[in-house]
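Below you'll find the structure, written out as structure tokens, and then a few comments.
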Amino acid sequence: MTDASALPGQPRGGVLSGPATARAVNVLAPNASAMTLDGTNTWIVSEPDSELAVVIDPGPLDESHLGNVVDTAEKAGKRIALTLLTHGHPDHAEGAGRFAELTRTRVRALDPALRLGEEGLGAGDVIRLGGLELRVIPTPGHTADSLCFHLPADRAVLTGDTILGRGTTVVAHPDGRLGDYLDSLRRLRSLTVDDGVHTVLPGHGPVLEDAQGAVEYYLAHRAHRLAQVETAVEDGYRTPADVVAHVYADVDRSLWPAAELSVRAQLDYLKEHGLI
């Protein structure tokens, strides 16, 4: 068995659901798959001595899961007062409307189509609730509307699908763009260097104890894949499907459709920079 401390980001072992930091509790959604790993992590975030809580990514439209999130908060003496979305993919956001009904909360997101209420989210926004502080970090790339949330008091960042607890994420072409994604990873790296962030609370998979290590791994992985794609094109592999079959030959074929999205984003990036 591989020592977790030797893996990228140092993933935390044990059960995924439950307290992760002093202020963040995970409720794991029952939607495990090759793409969602163990399922979607729905985060309940609050100050320890406050009765008010924020929920980030209610997850799929699953009544049992949404009810479990509410019950978990109530058992801890918390009332959910606000719902936030890291991005609009259904495994994170599909249940948001129903969750808002259950909790009578607003839903704030970057994409106006996902909001319930007038307030959105954007660069420089700070969420303050019951003493809690969450700073909004725009991190486009996985999708155009992707956000992360910096939790300074716990030296943590909630990353949605921008950084996962296991493996790497998809640049979901055409909405996701590789150049944006690389910029977002560098933005997250600056949080680890300049703001002391050391914990990643991801949208899927285990908590990562080494945020800087995780970001550096992602940047290195993207550079490696980009070089592979560039070489594949030079060797005569022209279509995205051909590139996937060549470059991702060691990856489970069930993941090739997702890999093709990333390859399309990489091909666009290489063309934009005059490299192919």
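It should be emphasised that the depicted structure is a prediction, and the values quoted were computed from it without experimental measurement.
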Tell me whether E272 at atom CD has more than 12 heavy atoms from other residues, nucleotides or ligands lying less than 6.0 Å away.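 Buried by this count: over 12 neighbours within 6.0 Å.
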Taking CZ in R238 as the centre, count heavy atoms belonging to other residues, nucleotides or ligands within less than 6.0 Å. Is the count above 12?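 Correct, the count exceeds 12.
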Under a 4.0 Å N-O cut-off, is there an ion pair linking [X] with [Y]?
X    : Y    : value
E118 : R106 : no
R166 : D38  : yes
E51  : K78  : no
E260 : R264 : yes

[X] side chain to [Y] backbone, donor-acceptor under 3.5 Å:
X    : Y    : result
N26  : A20  : no
D180 : R177 : no
T169 : D161 : yes

With E216, which of R222, R186, R189 fulfils salt bridge (charged side-chain N to carboxylate O under 4.0 Å, His left out)?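 With E216 as partner, salt bridge (charged side-chain N to carboxylate O under 4.0 Å, His left out) holds for just one option, R189.
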Between H87 and H89, what is the ring plane arrangement, given parallel below 30°, perpendicular above 60°, and tilted in between?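 Perpendicular.
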Check whether the side chains of H65 and T42 place a donor and an acceptor atom closer than 3.5 Å, and report yes or no.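 On atom types as modelled, these side chains qualify, holding a pair under 3.5 Å.
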Side-chain donor-acceptor contact under 3.5 Å, H142 with D175: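 Absent: no donor and acceptor within the cut-off.
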Among L102, T83, T105, find the one that has a side-chain contact (heavy atoms from CB on, under 4.5 Å) with P58.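 That would be T83.
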